[in-house]
Each structure stands twice: as structure tokens, then as C-alpha cells.
Amino acid sequence: MSVILAATWNPRGEAKRLRKLYPQLKHLYPHMIIIMPPSTHMGLVLSLRHFEKLTLFVTDNWRDGRRESLAQALKIIPSTSASHIMYADVDRLLRWAETRYEELRQTIKRVQMYDCLVIGRTERAYQTHPQALIQTEAMSNRIFSHLLGEKVDLSAGAKGFSIRAASFVVANARAERPFGADAEWVVLAKRGGFDIRTYHVDGLDWESADRYEDQAVDEEMQQARAAEYDANPENWKMRVDVANEIIDTGLAALTQEILTT
């Protein structure tokens, strides 16, 4: 058994780090699918397309990028020995691989044990984030922990699915609210009768502090940039909007008509 990576990536200076980490990543995944937005520079895409085990898609419908990453991973499953799919945001994955590679490797092993694994953040990892994220994500996490009957951290940008569970999610997920996938996918898996498990890691600490850097920044720089982020009221407004989208989409998934696969 093995795990295919399904990922989305809106490049913000991470290309050099991806190239550097590629030899390590290809040992973790038999194949990697990355969905990118239409604004992506074609030169970047062409520079990466010769990498084996890596397939890039530039989509015009970026709002559906997360669901599309799962769908494309399912298409390539028959040509691999993979039994599961791990979704991850590329910027988070790169920091994780740079700073805690062994933890990432062990997490991939754990993905293969369950139909749906919600990969969340330890308290240590969570506290590296800006307060604008910590306080707004607490709302969606609290609501869905109650509704799912298990404490979950939904917005860490990483989840694992068996082929059956991923197929069910792809068939039933809605395309128009990308941030809502944080809650929607887990709610759908629950409604499909799949067992939901959680696993918390240190490697999903705050990744946005690394933008346009040559490597993952240290904790001191994370905290400095988190303070800068919190000083901008527009960031708080945006994170409130994101939290509302997660909540609204997850609640809709609780009652929508379900398609079987």
C-alpha cells in the first residue's frame, strides 16, 4: 500500500524550495498531483513538468482546485499501488518536510490505516499562528467537533482518505466554496459511513511566514510576522469571512442530498 499526494498550490515564492525538497518527497509518495491557479506563470509550470512522479494542472476554475486535486488523484490510482490519498496545501507540506520530515513520513503511514484521517495541529503548532487565525478557526473547530462527536482541527490543510472515502467526497463536494472544504469533506465522509480519526502534529505550524524565503523561517520570525499579520484589520475581516464559509459549507453538507458511488 502507499499514498498519493493531492495538493493545491498558489505559488508565493516556494518553487525553489519545492525543487530542493522534491527528491525527499518522491520517496514519500508514488505520485503527486498539484493543482495551480490560472495566474500561475507558465515558465514555472514547464520547469517542473519534467519531474517524474509529479503531475501539474493549471485550472481555470481555481475555486474548485481542492476537489479537483482529489479527483485527479483518483484517476491516477489505477496505475499505482496506492490505497489512499493525502490532501495537503503545498506551502504547508514544504514547511513540514523541511522541519519535521520524519513526522511527515510517520503521518503518511498513519493515513493508510483509516478511511478518513483529519490531520490537525498540536497546541505548540497552533500557537505559532496569528491570533486572527487562532480565534476565528476556534469557532468552526468547536462547532464541528460537537457535530461530529470528536475534537477536530479542520483548517490545518491536511487530510487523508481511502480510495472509497475520497470517491464519495468527490462525488458529493460542491465546487463554489473552496475554504468550506475544510469542514465539508469531513462531514461528507461521516455521512458516508466512513470512520473519522484525528492525528495532531507539530509540522503544521504557521507556513505563511515562509513566503518568498529560501527556507522555512525560525520560530522568532514566525512570531514577528504573525504580529504584523494581526496588526492589519483587513486580515481579521478576511479570516472572519473564511470561518463563515467553512461553517456555512459544513452545515450545508449535513443536510444536502447524497449521491452514492
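What you see below is based on every heavy atom in this structure, not just the backbone, and it leaves out hydrogens, waters and symmetry mates. As the structure is a prediction and not an experimental result, all values here were calculated from the model.
- The side-chain contact (heavy atoms from CB on, under 4.5 Å) check on A165 picks up D115, F161, S162, F194, with sequence neighbours excluded.
- A ring-centre distance under 6.0 Å is not found for Y101 and W96.
- Side chain of R239 to backbone of L133: no donor-acceptor contact under 3.5 angstrom is found.
- Of the N and O atoms on the side chains of T8 and Y87, at least one donor lies less than 3.5 Å from an acceptor on the other residue.
- With salt bridges taken as basic N to acidic carboxylate O contacts below 4.0 Å, none links D205 and R92.
- One finds a salt bridge joining E52 and K26 here, because a Lys/Arg side-chain nitrogen approaches an Asp/Glu carboxylate oxygen to under 4.0 Å.
- By the criterion of side-chain heavy atoms lying less than 4.5 angstrom apart, applied directly or through intervening Ile, Leu, Val, Met, Phe, Trp or Tyr residues, Y199 is not grouped with I196; the two fall into different hydrophobic clusters.
- When side chains are defined from C-beta on, T198 does not count as touching L117, because their heavy atoms never get closer than 4.5 Å.
- In summary, the side chains of R121 and S155 do not present any donor paired with an acceptor at a separation below 3.5 Å, with no hydrogens or angles considered.
- A donor-acceptor pair is defined here as one N or O able to donate and one able to accept, closer than 3.5 Å; no such pair exists between the side chain of S145 and the backbone of R142.
- Between L74 and I85 the shortest side-chain heavy-atom distance falls below 4.5 Å.
- In summary, R66 and D89 engage in a salt bridge, as defined by a charged side-chain N under 4.0 Å from a carboxylate O.
- With F168 as the fixed residue, the side-chain contact (heavy atoms from CB on, under 4.5 Å) test singles out one of I258, L259, I163: I258.
- For CD of E220, the number of neighbouring non-hydrogen atoms (other residues, nucleotides, ligands) closer than 6.0 Å is 12 at most.
- Salt-bridge formation is not detected for the pair K16/E213: no Lys NZ or Arg NE/NH1/NH2 atom is positioned less than 4.0 Å from an Asp or Glu carboxylate oxygen.
- With hydrophobic clusters built from ILVMFWY side chains whose heavy atoms lie under 4.5 angstrom apart, I119 does not share a cluster with V186.
- There is no side-chain donor-acceptor pair under 3.5 Å between E68 and N61.
- Using a 4.0 Å cut-off between charged side-chain N and carboxylate O, D241 and K237 make a salt bridge.
- For E257, there are no side-chain contact (heavy atoms from CB on, under 4.5 Å) partners at least two apart in sequence or on another chain.
- More than 12 non-hydrogen atoms from other residues, nucleotides or ligands lie less than 6.0 angstrom from OH of Y229.
- Salt-bridge annotation for R95 and E98: absent, with no side-chain N of the basic residue lying under 4.0 Å from a carboxylate O of the acidic one.
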Could you check I108 against R105 for side chain to side chain contact (heavy atoms under 4.5 Å, CB included), going step by step and ending with a plain yes or no?
CA-CA 5 Å; I108 292 170; R105 191 176 70 84; 5.7 Å; no
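- With respect to R124 and E219, no salt bridge is recorded, no charged nitrogen being found less than 4.0 Å from a carboxylate O.
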